[in-house]
Amino acid sequence: MCGIAGFFSGHWRGDSAPQHLKAMTDAILNRGPDADGQWLDPDAAIGLGHRRLSVVELSEAGAQPMTSVSGRYVLVFNGEIYNHLDLRAELGKSGAAPGWRGHSDTETLLAGLEGWGIRATVERSIGMFAFAVWDRQTHTLTLARDRMGEKPLYYGWQGSGSAAVFLFGSELSALRAHPVFRAQINRDSLCLYMRHNNVGGHHSIYEGVHKLLPGSLLTVSQAAPEPVLETYWSNAAAAEQGVAHLFEGSPTEAVDALEVLLKDAVRKQMVADVPLGAFLSGGIDSSTVVALMQAQAHRPVKTFSIGFHETAYNEAEHAKAVAQHLGTEHTELYVTPEQALAVIPGLPKLYSEPFADSSQIPTFLVSQLARRHVTVSLSGDAGDELFCGYNRYSLTASLWRRLSMVPLRLRRALAMGLTSVSPHRLNRIAAYTPLARQWANVGDKLHKGAGVMTAGSAAELYRGMVSHWLHPEDVVLGGTEPTTVLDDPAPNRKSMSDVERMMSLDLQTYLPDDILAKVDRAAMGVSLETRVPFLDHRVVEFAWRLPMQYKFRRENKSYTTKWALRQVLFRHVPRALIERPKMGFGVPIDSWLRGPLRHWAEDLLSETRLKREGYFNPAPIRQRWAEHVSGQRNWQHQLWCVLMFQAWLAEQAPVRSAAR
């Protein structure tokens with residue numbers, strides 16, 4: 001696991017180029033504290049930089065930038081190719097293997113580029129990665145990103161005319177370190193951020209800078225300076241193909257096949273030349289990963305959990321019980337509010353661009369805990385998206401079936417009726433119904449639901465359900481919200497059910513833009529490599545082939561989520577240790593904003609400050625702040641979104657507003 005950065009331009013910038021490249025890699029020091037390296041070619045006006053976190057092949061044989069045996073390709077690589085030994089064997093059989101200098105996957109990747117070409121190599125690769133490779137023969141720079149978007153990669157032209165420079169890097173901080181970078185905030189991207197708590201898709205918070213989408217290649221050259229994008233693997237296509245060619249075996253055969261795939265994915269991801277462990281929350285996903293690790297390990301697996309003294313946020317006891325059953329070497333830390341609050345000042349720098357999923361706080365804390373003992377940690381992320389684990393899937397589909405039968409005029413009246421009763425009162429009413437056992441804060445959820453009851457399709461309803469600010473253009477001054485895959489009221493997934501469409505959309509948006517970004521930045525902030533076995537693309541493709549009744553299954557007059565995954569887990573862990581209501585991985589931001597964070601928030605949300613900075617319309621923000629502080633409403637998510645942007649803005653050097 002490492003960090004990469006570099007630049008390419010039509011001309012050389014003299015003696016300052018090495019210093020500029022060094023500044024870019026120094027900006028991502030946490031991603032690779034063990035070593036750094038630079039490669040520059042003044043004739044081609046190209047510079048490739050690398051920060052190394054040594055995980056596989058700790059010797060100089062794994063150092064980067066790395067040049068292929070023929071000298072044609074120069075590579076900087078961030079990530080892991082889990083099947084690289086298999087690729088070496090394949091290269092050997094075809095006579096394309098070089099004389100290996102070491103056992104790094106970087107060297108394997110380079111040999112593949114020479115033997116098969118770039119696209120064919122990434123298509124053969126199982127792993128997580130972002131890399132940049134310079135072809136000295138064609139004078140072409142190629143960027144690549146893994147299929148699911150585990151590793152980030154930003155790029156874009158900055159400057160104009162003969163001074164224009166193409167920049168790329170693992171984080172925006174690397175691009176910002178180059179003197180040509182303009183740092184103009186994109187207000188349209190800010191609208192996206194306000195809706196989803198992150199800047200998603202190919203967008204970034206800055207004008208002229210983009211993210212390379214998962215499963216994509218990008219090429220740029222002096223002859224063709226406009227970036228050319230190519231998709232080598234599509235999450236949407238994998239979903240459509242899977243649903244069209246469903247697994248036809250019995251439930252037992254499906255579970256057997258899933259276990260075999262997951263075991264192999266876990267085994268491949270346990271290879272490292274440094275200490276390795278796993279996050280363990282005690283839930284289905286992380287428990288499955290740990291169980292399959294322990295089943296294939298020769299010694300107790302190191303597992304890590306954090307707990308909170310607030311019962312509503314604490315899963316540590318469940319994790320401890322699972323660890324004891326599996327016999328792992330378990331470490332837990334009960335976090336005080338003071339420890340959690342101490343993380344907040346560092347979040348803007350840690351995330352490099354505005355990011356406002358408040359579970360970023362416990363994610364950083366558990367990463368910090370794990371890093372004291374290991375360099376690599378496996379996680380259970382993506383189980384919900386692949387195996388229908390989120391309550392919102394069935395809730396939205398069920399709600400749409402009912403709403404679609406009600407005339408729009410009546411739905412509007414019903415929405416007005418719901419919002420006329422305070423969330424607090426609705427919570428008290430719901431306490432006497434089964435709703436209270438299924439969802440926390442029912443009143444706030446009903447108010448949010450009322451805001452999307454006028455949707456014209458299940459897709460439109462779902463977009464509203466996963467939104468925080470429903471009308472961000474009313475909040476962001478001068479911003480126009482870009483369209484995304486979530487905006488299409490009738491996505492081209494005709495063979496899918498409404499629930500399957502939601503899962504597919506989450507795998508394209510929420511997973512890479514929120515979950516994976518959150519974990520990557522938090523873990524790399526403490527120089528910890530994280531790996532996600534569920535995102536082995538073979539597992540993803542098989543999960544899409546499973547019929548819905550193997551994911552969301554009716555049992556004993558109720559529905560069970562993640563059914564097939566649970567059956568794999570129950571072969572290793574007793575059902576009694578797992579079966580309990582689903583919990584989120586969060587912290588009590590709502591009460592903190594009324595208590596210890598109130599003065600900090602008031603300063604960032606002051607009307608004078610908002611007007612002076614000129615990005616937000618103060619009125620709706622101040623209204624929500626007043627309602628939250630008084631206890632009338634719980635606006636924690638909307639306010640946290642504004643606060644994280646404000647805190648990020650304060651950390652930046654003077655930034656000019658984007659021209660409108």
Side-chain angles (χ1 to χ4, degrees), residues 250-267 269-270 276-308 311-334 366 370 377-391 437-438 532-534 539 542-543 546 549-585:
S250 68
T252 300
E253 289 171 333
V255 174
D256 289 343
L258 177 59
E259 183 171 20
V260 168
L261 270 176
L262 285 174
K263 273 188 174 180
D264 188 61
V266 167
R267 178 181 59 81
Q269 297 194 22
M270 290 175 67
L276 174 144
F279 300 140
L280 179 61
S281 69
I284 296 165
D285 305 333
S286 66
S287 297
T288 301
V289 169
V290 170
L292 297 179
M293 290 176 72
Q294 193 60 70
Q296 302 177 88
H298 300 298
R299 60 179 61 89
V301 171
K302 298 178 185 293
T303 54
F304 306 95
S305 300
I306 61 169
F308 294 92
T311 304
Y313 296 89
N314 185 43
E315 287 190 296
E317 286 299 319
H318 305 299
K320 184 177 181 179
V322 172
Q324 288 176 338
H325 175 80
L326 293 173
T328 71
E329 182 182 327
H330 190 59
T331 303
E332 64 180 11
L333 171 68
Y334 271 78
V366 75
S377 184
L378 274 62
S379 86
D381 290 314
D384 286 315
E385 290 84 355
L386 288 173
F387 298 100
C388 196
Y390 291 129
N391 290 327
R437 293 191 294 271
Q438 298 179 52
V532 188
F534 287 126
V539 175
F542 180 76
L546 288 175
Q549 62 264 30
Y550 292 170
K551 301 172 187 176
F552 191 62
R553 190 176 182 88
R554 187 172 178 84
E555 289 185 322
N556 301 322
K557 298 183 180 180
S558 63
Y559 283 93
T560 299
T561 61
K562 297 192 281 195
W563 180 84
L565 190 59
R566 288 174 189 263
Q567 307 319 303
V568 172
L569 176 58
F570 295 156
R571 294 176 176 182
H572 302 269
V573 176
R575 182 186 297 260
L577 292 182
I578 301 297
E579 296 287 14
R580 62 181 184 276
K582 183 177 178 63
M583 292 179 68
F585 190 44

Spacing of [X] atom [atom1] and [Y] atom [atom2] [to the nearest 0.5 Å]:
{"X": "L378", "Y": "T303", "atom1": "CG", "atom2": "OG1", "result": "12.0 Å"}
{"X": "I284", "Y": "L565", "atom1": "CD1", "atom2": "CG", "result": "7.0 Å"}
{"X": "D285", "Y": "F279", "atom1": "CG", "atom2": "CZ", "result": "14.0 Å"}
{"X": "L280", "Y": "S379", "atom1": "CG", "atom2": "OG", "result": "11.5 Å"}
{"X": "L276", "Y": "Q269", "atom1": "CG", "atom2": "CD", "result": "9.5 Å"}
{"X": "C388", "Y": "K562", "atom1": "SG", "atom2": "NZ", "result": "10.0 Å"}

**Prompt:** Under 3.5 Å, is there a donor-acceptor pair between the side chain of R553 and the main chain of Q549?
**Reply:**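 Pair found, side chain donor or acceptor close to backbone of Q549.
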**Message:** I'd like to know whether F542 forms a side chain to side chain contact (heavy atoms under 4.5 Å, CB included) with L258, so could you lay out the CA-CA distance, the side-chain angles of the two residues, the decisive distance to 0.1 Å, and finally the verdict.
**Reply:** CA-CA 8 Å; F542 180 76; L258 177 59; 3.9 Å; yes
**Prompt:** Do other residues, nucleotides or ligands put more than 12 heavy atoms under 6.0 Å from the NZ atom of K551?
**Reply:**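 Atom NZ in K551 is packed in, count exceeds 12.
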**Request:** Enumerate the residue pairs fulfilling side chain to side chain donor-acceptor pair (under 3.5 Å) with a member in residues 286-300, sequence neighbours excluded, ordered by first and then second residue.
**Result:**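 Every side chain to side chain donor-acceptor pair (under 3.5 Å) pair that includes a residue of residues 286-300, provided the two are not neighbours, is S281-S286.
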**Message:** How close do V289 and P533 get, counting heavy atoms only, and between which atoms?
**Reply:**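 V289 and P533 have their closest heavy atoms at CG1-CG, 4.1 Å.
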**Message:** Here's a test for you: under side chain to side chain contact (heavy atoms under 4.5 Å, CB included), which of W563, F570, Y550 qualifies with V255?
**Reply:**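 Only one of W563, F570, Y550 forms a side chain to side chain contact (heavy atoms under 4.5 Å, CB included) with V255, namely W563.
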**Message:** Enumerate the salt bridge (charged side-chain N to carboxylate O under 4.0 Å, His left out) contacts for residues 564-576, please, sequence neighbours excluded, ordered by first and then second residue.
**Reply:**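 Sorted pair list: D256-R571, E259-R571, R566-E579, R575-E579.
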**Message:** Pairing donors with acceptors under 3.5 angstrom, does anything connect the side chains of E385 and Y390?
**Reply:**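 The answer is yes; a qualifying pair exists.
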**Asked** Are F552 and Y559 near enough that their ring centres are under 6.0 Å apart?
**Response**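 Here the rings of Y559 and F552 have centres that are less than 6.0 Å from each other.
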